[in-house]
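Proteins come first, then strands; the chains are lettered A, B, ... in the order of their sequence lines, and each starts at number 1.
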There are 2 protein chains.
Amino acid sequence: MKKSRITLKDLAKELNLAPSTISRALGDHPAISEATKTRVKEKAEELAFIPNSIASSFRRKKTRSIGVVVPRIDVHFHSLVISGIEEYAYKKGYNVTIFQSKDSLTREKEITKILQNNMVEGVIACLAIETKRSDHFKNLKKIGIPLVFYDRVPSDFESNKIVINDFGAAFQATEHLINIGCKNIGHIAGPQTTGIFKARLEGYKAALKKNGLPFHSGLIKYANNLSYEEGVSCAKDFLKYKEPLDGIFCANDYTAISVIQVFQKADYKIPDDLSIIGFSNYPISRIIEPNLTTINDRAFEMGQAAAKLIIRQIEDEEVLIDSETQSIKTELIIRESSMKKRAV
Amino acid sequence: MKKSRITLKDLAKELNLAPSTISRALGDHPAISEATKTRVKEKAEELAFIPNSIASSFRRKKTRSIGVVVPRIDVHFHSLVISGIEEYAYKKGYNVTIFQSKDSLTREKEITKILQNNMVEGVIACLAIETKRSDHFKNLKKIGIPLVFYDRVPSDFESNKIVINDFGAAFQATEHLINIGCKNIGHIAGPQTTGIFKARLEGYKAALKKNGLPFHSGLIKYANNLSYEEGVSCAKDFLKYKEPLDGIFCANDYTAISVIQVFQKADYKIPDDLSIIGFSNYPISRIIEPNLTTINDRAFEMGQAAAKLIIRQIEDEEVLIDSETQSIKTELIIRESSMKKRAV
DNA sequence: AAATTTAACGCAAACGTTTGCATTATGAAT
DNA sequence: ATTCATAATGCAAACGTTTGCGTTAAATTT
């Protein structure tokens, strides 16, 4: 098990050169002649020399790795973001280390503590649901570790953010329902303690208002975790509403699918009697019948953008920008669940 | 940005102690008196001392991190495995660094090369689809890095593996169809170059054979990537089969759902006319109507088992076991798609 | 021919922590 | 009073790489 591996010094001895020369030769330093460079590289190849990246990291104080803190890896949205991060980071020669907070504040605090150990050069994070105050992240920033948040971003301090325009997307979705002729439009909202769900609700309301549609509080159902099961119960409530709904915009796809199924069982024709729109473009949305109209939140691209931003922050010597917020363009994907056959 | 952080030496000077004493005090070494231990710890707290884990890793040759190589992070199965890995690793004080091969052999080779840089103490991997020979992983093993494969494991060299009994699970699923009265059972098979799909096909065949059901090659459709779309086309082929099928076992959930939808459109009643079973217990399987009977492949538990195994290998001084294969128990989840209303 | 530049490489320190061994002080045993 | 064990701490090297600066020899200029 314990093989002592070849070091740069070994190479040096073998070639009768100084370690510094080896180091520079392998790093293509201009002050080394081409001749010795190839000599060194050949010998390195021959002896299967593998540089000790830990020693290197230690010496230059650069680990070329970034930490990612997500609520849960197995939530499709986050796995897409991570994929985007890895994709970009890999290209740039960075590797990514993952932590899941499991939406627990305590665990998130633990993680931020761990991340202070010089392990990572930058941190990308999505706040845990439980997190209201993010001082633990401030500590990271304080010791000079660049920080980028995505999706659920802190509201209590300035920082780099990758977000989508939840308000705009919700507005667009709701207005689409209005445009196809819906008059009684409901909304399944997420927990209002979280900014993105608040924004989606506001977008919904704004679209109603702009188009002169009345708004009743009964048209909104609040869900805590937007699970499929919660969606079912919200949908059943909607069924009992005083007048029949003809459109529902849901804060995510799972609840939207609940609505489809519940209303179908109640003999509603989708989309003719009721049009439905979800949020996130989960794989299931193009499989469920009718296919679900939804918002493509471009999770993968968010990840890429986050990685790009954090790496720029890491590498730029002179950071002039104190903080930056990027809003990724969303897209309304219109599918069957909002295509009425009757003319409008 | 560039704050020079407090080091262990600084602490030592501050307290008029030797660095070695500080190190030992913080590490609760028995040879240090309780008095100085608390003195040191208090000062450390006061000055917000954060140990430099890179320096530590460098000195002790232990990084406490494990590398994970997956085809794609955003495939639900893998994100669940990663979640399981992170969960266990985190508890044990390890962190996990993720790489995606994107199912490309070249990229996988690049990654294994990177992983030789002393960065990680162990590697957990699932082979890329393209990978037939896994010499690049042998290199890792050669330099003493413990290796654990999961799901798609190499067949060309001995190594630690976390698998499920694909044969047994397929056998159980098929036999369940037989038990509820199916006589003409089809199978949508995955690429036969991959061991797990081969085993699922074999399990299907074995169940037919054991129960005296005839087997026709027309009962099997081969898919390359088992996508939803491929499933649709396989299902349409099945519709044209000389005699009507009454049961179909699919190598994954997506194709099973295609089958449900295609046959429903052809006015089949599911499960009465046709019973269907998928594989993997994807979230969609409990949402689609009728709910899909499927195999729980326990991805999360596989991840946990892989992490447990790799950490044991890392920490055990005397590794007596050369290689170990763990087979995780699967579970047939019976849902509506295989519950016939007529008695059998 | 002497002075100066340039090219190529070596020296040695440094990064922050850990650890085997040595040292000192303290109390116990002879 | 001396020896011996024990407890608590210090010394210094080591881990492998990088880097500023010094050195040498060759090439160029005056």
Subject >> Nucleotide nearest A/K9 (side chain, heavy atoms from C-beta), chosen from D/dT17, D/dA8, C/dA8 >> reply: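 Closest nucleotide to the A/K9 side chain: D/dT17.
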
Original post:
Going by heavy atoms closer than 4.0 Å, what residues in residues 45-60 of chain A are next to DNA chain C?
Top reply: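 Close to the strand are A/F58, A/R59.
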
**OP:** Using heavy atoms and a sub-4.0 Å distance, could you list which residues of residues 21-31 of chain B are near DNA chain C? By number, please.
**Re:** B/S23, B/R24

Original post:
Can you tell me if the side-chain N/O atoms of B/K61 get under 4.0 Å from OP1 or OP2 in D/dG16?
Top reply: yes

Original post:
Phosphate oxygens OP1/OP2 of C/dA8: is one of them under 4.0 Å from a side-chain N or O of A/T36?
Top reply: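 No, no such contact exists.
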
**OP:** Indicate, yes or no, whether a donor-acceptor pair under 3.5 Å links the base of C/dC11 to the side chain of A/S20.
**Re:**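 Answer is yes: a donor-acceptor pair is held.
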
**OP:** Mind checking A/N16 for me? I need base, sugar-phosphate or nothing, with any heavy atom below 4.0 Å counting as a touch.
**Re:** sugar-phosphate

Subject >> Among B/V148, B/I314, B/N95, the one residue meeting side-chain contact (heavy atoms from CB on, under 4.5 Å) with B/I66 >> reply: B/I314

Classify the side-chain pair [X]/[Y] by whether it contains a donor and acceptor separated by less than 3.5 Å.
X      : Y      : result
A/S104 : A/E130 : no
B/Q100 : A/Y90  : no
A/S65  : A/E121 : no
B/N118 : A/R5   : yes

**OP:** Mind listing the closest non-hydrogen atom pair of A/T112 and A/Q116 along with its distance?
**Re:**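 Looking at all heavy atoms of both residues, the shortest contact is O-CG, 3.1 Å.
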
Subject >> Least distance between heavy atoms, A/R152 atom then A/D103 atom >> reply: NH2-OD1, 2.9 Å

**OP:** Please determine if B/E110 and B/R107 form a salt bridge, counting it only when a charged side-chain N lies under 4.0 Å from a carboxylate O.
**Re:** no

Original post:
Which angle, rounded to 10°, do you find between the first-five-pair axis and the last-five-pair axis of the helix from C/dA1-D/dT30 to C/dT30-D/dA1?
Top reply: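 For the helix from C/dA1-D/dT30 to C/dT30-D/dA1, the axes at opposite ends meet at about 60°.
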
**OP:** Check the surroundings of atom NZ in B/K41: do more than 12 heavy atoms from other residues, nucleotides or ligands lie under 6.0 Å from it?
**Re:** yes

Original post:
Rounded to the nearest 0.5 Å, how far apart are NZ of A/K138 and CZ of A/R133?
Top reply: 6.0 Å

Subject >> Between A/F149 and A/F137, ring centroids under 6.0 Å >> reply: yes

